[in-house]
Amino acid sequence: MNTEFERREFPLEYPFTISRGTQTTAEVVVVRVHDDEGTVGIGAAGPSAHYGETAGTVEAVMPDLLAVVERVDDPENVAKVEAGMRTVVEDNPAARTAVSIACHDLAAKRAGLPLYQYWGLDAEDSLDTSYTIGIDDAETMHEKTVEALDRGYTTLKVKLGTDRDEELLETVRNAAPDATLRVDANEAWTPKEAVRNIEWLDDYGVEFVEQPVPAEHTEGLKYVYERSKLPIAADESCITADDVPNIADRCDIANLKLMKTGGLREAKRLIHTARAHGLEVMCGCMAESNASIAAAAHLAPLLDYADLDGSLLLDRDDFAGVPMPAGHVDLQAVDRPGTGVQEN
Ligand code: MG
C-alpha cells in the first residue's frame, strides 16, 4: 500500500460568521490510500482552529499517521489503523479522521459496496440536512434565507450569539415562515441569557438550540437544560464518546462531528453511546469538502438530525460526494462503491 496527501483551499460562497468569528475559505488536507491493485481510498481533514487544528498541523502529523497505514499494510483492517494512529498521535482528530475516511473508502470499494451498505445500513433511513445561515446584517440574512429556500432547503440552522439575536431570528423567520429552524449560539450566551433567549426562540417555533453556553461551563449547561422549553444540543461540549456520560443529564441531543471524533469508528461509538444514554444524535460538520462530508453522509441512517452542509457552503468543491438535492442526503443515489467521492 502507498499513501499521499495534499492541501487544498476552497472559497466559501459567503463569508461564514458565527459568534466566535468569520471564515472565508475552507482549508482541507486530502488523503489518498492506494492498495496494491490500484484501488484508491480518498478522505480529507477539515481542521478547526477552535479545536487547535489547522491545515498546517494536519500536514505536520500526516506522515506519521500514513506510516501507520503502510505498516499495517492491510486494507481491510481499519481498526488496527485507527488504534495505531492513536498511539503515534494522541490529539489531532481531524488529521486522524482524514486517514480513517480514506481507509473506510478503500475497504468499501474493495468490497464493491457503498459505505452504508458495507456497514449494513438502510438507505431509506436517511434524512435531510439543515442548511446554515451564518451571522450577518439583517438584509443579507434575509437574502441568504430566500436563496436557501429557492434551492429547496426546508430546514435552516441559524447562527446566533450577537447583541441583536432577536432581530436576526425574526428576519429569518419572516423570510421562511414554514421552514424548520434550529439555532446555534456557539457558546455565546450566559446561562441566564440562554434561558431568557429560549423563551422567545420558542415563540418563533424553533426546533432546538445548540450549544447555548461555553463548553467549560458544565453547570451552566445543566442550568439551561433544566429551565429550557426547547431541546438542547451539545456540540462544543461533546467531542468523543467519552464525553457522552458527562452531558447525558444536561442536554437532549449529542452533536458529533467527524473532525472532533478522530475517525468513523469513534463516530459510530459516540452514536451508540449517546443512544444508550437516552440522547438523540445529530451529525454536524465544519466547512469541509465532499472528500470528507461524503463519509459523514453514510452515517445518516443512524442519525436523528443531519447538519452536513459543509460542502454546500463552498463556492467551489473539487470533489463530488453523496448527492443532497434540496438537502436530502440521498444515499440511494450513490451508484459507486466506497463513500462515493470522486474528483470533479
Ligand atoms: Mg455547532
Side-chain angles (χ1 to χ4, degrees), residues 12-24 26 127-190 193-213 224 228-236 251-253 255 257 280 282-288 304-315 324-329:
L12 300 188
E13 187 174 17
Y14 295 101
F16 187 70
T17 301
I18 68 169
S19 61
R20 280 190 290 270
T22 300
Q23 113 185 67
T24 56
L127 68 186
D128 292 355
T129 178
S130 53
Y131 178 82
T132 304
I133 307 291
I135 293 169
D136 222 310
D137 59 75
E139 194 179 332
T140 307
M141 286 180 78
H142 174 87
E143 282 169 23
K144 286 196 278 193
T145 302
V146 170
E147 197 171 319
L149 297 180
D150 281 348
R151 293 178 191 175
Y153 303 126
T154 57
T155 301
L156 304 178
K157 180 158 121 175
V158 186
K159 294 290 193 179
L160 293 182
T162 71
D163 53 10
R164 55 205 160 94
D165 281 345
E166 186 161 3
E167 178 200 354
L168 299 183
L169 201 274
E170 185 182 16
T171 299
V172 174
R173 176 48 92 200
N174 287 342
D178 300 324
T180 299
L181 296 188
R182 300 167 182 167
V183 160
D184 187 356
N186 287 107
E187 312 183 282
W189 298 330
T190 67
E193 270 173 344
V195 171
R196 278 200 304 274
N197 290 340
I198 289 168
E199 288 286 328
W200 59 258
L201 288 169
D202 182 46
D203 294 338
Y204 284 94
V206 166
E207 185 181 29
F208 61 77
V209 174
E210 187 177 324
Q211 200 66 44
V213 299
V224 176
S228 175
K229 288 182 177 176
L230 297 176
I232 301 294
D235 177 0
E236 287 87 342
C251 70
D252 302 278
I253 303 162
N255 182 14
K257 289 177 182 165
E280 293 190 291
M282 166 160 66
C283 183
C285 61
M286 310 301 177
E288 297 171 37
D304 301 289
Y305 309 98
D307 178 28
L308 296 174
D309 61 356
S311 174
L312 302 176
L313 298 171
L314 303 182
D315 192 46
M324 297 189 192
H328 182 62
V329 182

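Keep in mind that this is a model prediction, so the values were computed, not measured.
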Exercise for review: Return yes if a side-chain donor-acceptor contact under 3.5 Å exists between D309 and T129, otherwise no.
Suggested key: no

Review point. Looking only at atom types and distance, does a side-chain atom of D235 sit under 3.5 Å from a main-chain N or O of Q211, one as donor and one as acceptor?
Key: no

Would you give the length of the straight line joining atom [atom1] of [X] to atom [atom2] of [Y], rounded to the nearest 0.5 angstrom?
X    : Y    : atom1 : atom2 : result
I198 : F208 : CD1   : CZ    : 12.5 Å
Y204 : L181 : OH    : CG    : 11.0 Å
L169 : N174 : CG    : CG    : 10.0 Å
T154 : D128 : OG1   : CG    : 5.0 Å
L12  : D315 : CG    : CG    : 8.5 Å
R182 : I253 : CZ    : CD1   : 8.0 Å

Please report the closest heavy-atom contact between [X] and [Y], naming both atoms and the distance.
X    : Y    : answer
L308 : G284 : CD2-O, 3.7 Å
T145 : A175 : CG2-CB, 3.7 Å
S19  : G161 : CB-O, 3.8 Å
P15  : T22  : CB-CG2, 3.9 Å
C285 : G310 : SG-N, 3.3 Å
V183 : W189 : CG1-CH2, 4.1 Å

Tell me, please, which residues at least two apart from [X] pass side chain to side chain contact (heavy atoms under 4.5 Å, CB included).
X    : value
D137 : E139, T140
R20  : I18, H50, N186, E187, E236
D202 : K229, L230
P177 : none

**Study point:** Chi angles and distances behind the side-chain contact (heavy atoms from CB on, under 4.5 Å) call for M286, K257
**Key:** CA-CA 8 Å; M286 310 301 177; K257 289 177 182 165; 3.8 Å; yes

Check your understanding: Would V209 and N197 satisfy side-chain contact (heavy atoms from CB on, under 4.5 Å), going step by step from the backbone distance to the final call?
Key -> CA-CA 10 Å; V209 174; N197 290 340; over 6 Å; no

Practice item. Tell me, please, which residues at least two apart from T24 pass side-chain hydrogen bond (donor to acceptor under 3.5 Å, both in side chains). Key: none

Review point. What pairs with D304 under side-chain hydrogen bond (donor to acceptor under 3.5 Å, both in side chains), at least two apart in sequence or on another chain?
Key: R275

**Study point:** Where at least one partner belongs to residues 130-167, residue pairs that pass ring pair (Phe, Tyr, Trp, His ring centres under 6.0 Å), sequence neighbours excluded
**Key:** Y131-Y153

Please list, chain by chain and in numerical order, all residues satisfying salt bridge (Lys or Arg N to Asp or Glu O under 4.0 Å) with [X], sequence neighbours excluded.
X    : answer
E147 : R151
E193 : none
D307 : K157
D136 : K144

Practice item. Provide the full list of salt bridge (Lys or Arg N to Asp or Glu O under 4.0 Å) pairs with a residue in residues 158-179, sequence neighbours left out, each pair given once. Key: K159-D184

